[in-house]
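Ligands are counted one by one from 1 in listed order, and the atoms in each one are counted from 1 as well. Start at 1 with the first residue, then count along the sequence. Quick caveat: nothing in here was measured; it's all calculated off a predicted structure.
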Amino acid sequence: MTAMSERGNNATPPAPAIAPGGEGIDPAQVARELGRVGMDVRITRHVPGFDAPFFQAGLAGYSDAAMRIIARRHGAPLAVTEALLDRMLLGGGHGFDKADLELLGDALPCSHEDQPLCGQIIGSDPDEMAAGALKMIEQSSRGDKAYRLMAYGDAPGPRSTDPRCRDGSKVGAVAPLPSAPVQVCEEDCTPEALLALEHPQVPGAYDPREVFASTGVRRAGGGPVPVPGARSATLSYATIDVNLACPVKKIDSKSRGGHWLRFPAGAIEILRAVRAAVPAGVPCTVKLRRGYDDTPEMARNFEEIFAASYEMGYAWATVHARTVEQKYLGPSRWTFLRDLCERYPDRPILGSGDVWDVHDIFRMIAYTGVSAVSVARGCIGNPWIFRQARQMLAGQAPTAPTLAEQRAVLLEHFALSMALNGEKHAGRMMRKFGIKFAQHHPKGEQVKLEFARVSTLEQWRGVLDAWYAEGVPDGAG
Ligand SMILES: Cc1cc2nc3c(=O)[nH]c(=O)nc-3n(C[C@H](O)[C@H](O)[C@H](O)COP(=O)(O)O)c2cc1C
């Protein structure tokens, strides 16, 4: 294990999935067969547009509307937001921005393409989770105060919670309301340590007009650009996904995400509160890991939470077959998923972990029996994985992106990110993405290093012109 992987950041190299006996699987044949039989109807009944057995996972620090739209334009039938912190959603100010579909629509006239969308929520208090989930579904139509009242009653703000209370009851003093913009899983947002990204300040030197002119999106902060018919005022989330999987633990006295796998009673209370708050017609789903760790106690916890979620009407569970302790290191245990699917054929289960290329999507389905596959790190800088999956479902050979396609998507993603995030943040985002996109370039290692050195949007554009220029043949640099 390298020093970097010991630190447990996200820049770890892909590890092979544990799928003994899976070597003989022919992904092309699996895909053809799936293309013939179609999607699991238990899934499409809940989310009609979810018409193919894969989707773009929630990826904190990456899966904003810009990335999601790019994925959808390449064939992703469903996308998940990054995990949004309940407390921030309720806090007012900019806390709701990332969940606010009207705001996204104002920045991105094409945001109607970002449907069906799964809104993911994470937190430590059942009441906050419930009120936050409802606020997302209702798009805050009752006003900030109403949702805060639901969560806190007469109290002025959130109380600290202690996950060690196995019944999930609240303890501790009243904590102040947060005011920062919503963001969660900060550890997940760690840029690629391998390339020592340090989030530079990006001066507004680069004039992006040419990009906007060609893609029809606009910069954030410039006032809404009305696009008739571009966005329905009734947009909402197709599902609410409760995150009980995130391995980040910021403060000892708080539990969020995967840390709830140690406290099943509290986890179930959260699931129950969210299900009760979200209107019955809106499906709720849950994201789990295979356990907090591999002890028998944690295995029992998983079973308890998993069973309870279906009993209380959750439409499906997406199971990331790593433990919380593993974070993102080491193999995802596909045998765990296979066993789960074998034992519970009546429960739709979606699989996550070690999906690095299009073949892994179909390998995972054939090996484990999951109804659909979450594509996570395998789609960062690689929206073509969705196109390839669609091609394979249609019985065709998957095609790699040409250099011209790579350039076009880099520009498209950049324009969307600028419109959504503004110049400074888009600069940071695009450097991260550029590094990942470089994997498709014939001189990938060099291009990756070039992107890693970029600190302004002008420089970013320079890399594009040097390495992806029109007329540069594939295979040339
Ligand atoms: C940078 C990063 C951010 C992530 N953020 C989220 C998130 O917000 N919500 C979520 O459910 N999973 C999140 N995950 C977990 C992924 O969705 C997925 O379950 C995990 O990466 C395993 O799949 P993979 O091995 O194919 O990447 C994140 C993973 C990474 C690497």
Shortest heavy-atom approach to atom 23 (O) of ligand 1 - which of Gly353, Ala245, Ser332: Gly353

Gly61 heavy atom under 4.0 Å from ligand 1: no

Any N or O of Val355 closer than 3.5 Å to N or O of ligand 1: yes

Backbone or side-chain N or O of Ser352 under 3.5 Å from ligand 1 N or O: yes

Per-atom contacts of ligand 1 with Ala57, taking only distances under 4.0 Å to non-hydrogen atoms: 17 (O)

Polar proximity ligand 1 side, Ser374 side, N/O cut 3.5 Å exclusive: no

Atoms of ligand 1, numbered as shown, that sit under 4.0 Å from any heavy atom of Arg377: 21 (O), 24 (P), 25 (O), 27 (O), 31 (C)

Within-cut-off N or O pair, Glu82 and ligand 1, under 3.5 Å: no

side-chain hydrogen bond (donor to acceptor under 3.5 Å, both in side chains) against Gln459, all qualifying residues, sequence neighbours excluded: Ser455

Modelled atom types, side-chain donor and acceptor of Asp293 and Thr295, under 3.5 Å: yes

Those atoms of ligand 1 less than 4.0 Å from some heavy atom in Arg322: 22 (C), 25 (O)

Quiz item: cation-pi between Arg289 and Tyr328, 6.0 Å / 45°: yes

Ring centroid separation Phe306 to Tyr344 under 6.0 Å: yes

Side chain, backbone, both or neither: the part of Asn243 lying under 4.0 Å from ligand 1 by heavy atom: side chain

Mutual orientation of the aromatic rings belonging to Phe433 and His413 [parallel < 30°, tilted 30-60°, perpendicular > 60°]: tilted

Ligand-residue contact atoms, ligand 1 with Gln120, heavy atoms, under 4.0 Å: 7 (C), 8 (O), 9 (N), 10 (C), 11 (O)

Hey, can you pull the donor-acceptor pairs under 3.5 Å for the side chains in residues 363-374, sequence neighbours left out?
residue: Arg363; atom: NH1; partner: Asp360; partner atom: OD1; Å: 2.8
residue: Tyr367; atom: OH; partner: Pro20; partner atom: O; Å: 2.8
residue: Tyr367; atom: OH; partner: Arg338; partner atom: NH1; Å: 3.4
residue: Tyr367; atom: OH; partner: Arg338; partner atom: NH2; Å: 3.4
residue: Thr368; atom: OG1; partner: Met364; partner atom: O; Å: 2.6
residue: Thr368; atom: OG1; partner: Val370; partner atom: N; Å: 3.2
residue: Ser371; atom: OG; partner: Asp40; partner atom: OD2; Å: 2.7

Candidate list Glu405, Gln388, Gln391, test side-chain hydrogen bond (donor to acceptor under 3.5 Å, both in side chains), partner Thr399, passing option: Gln391

Under 3.5 Å: N/O of Gly378 near N/O of ligand 1: no

Glu138 CD: over 12 foreign heavy atoms closer than 6.0 Å: yes

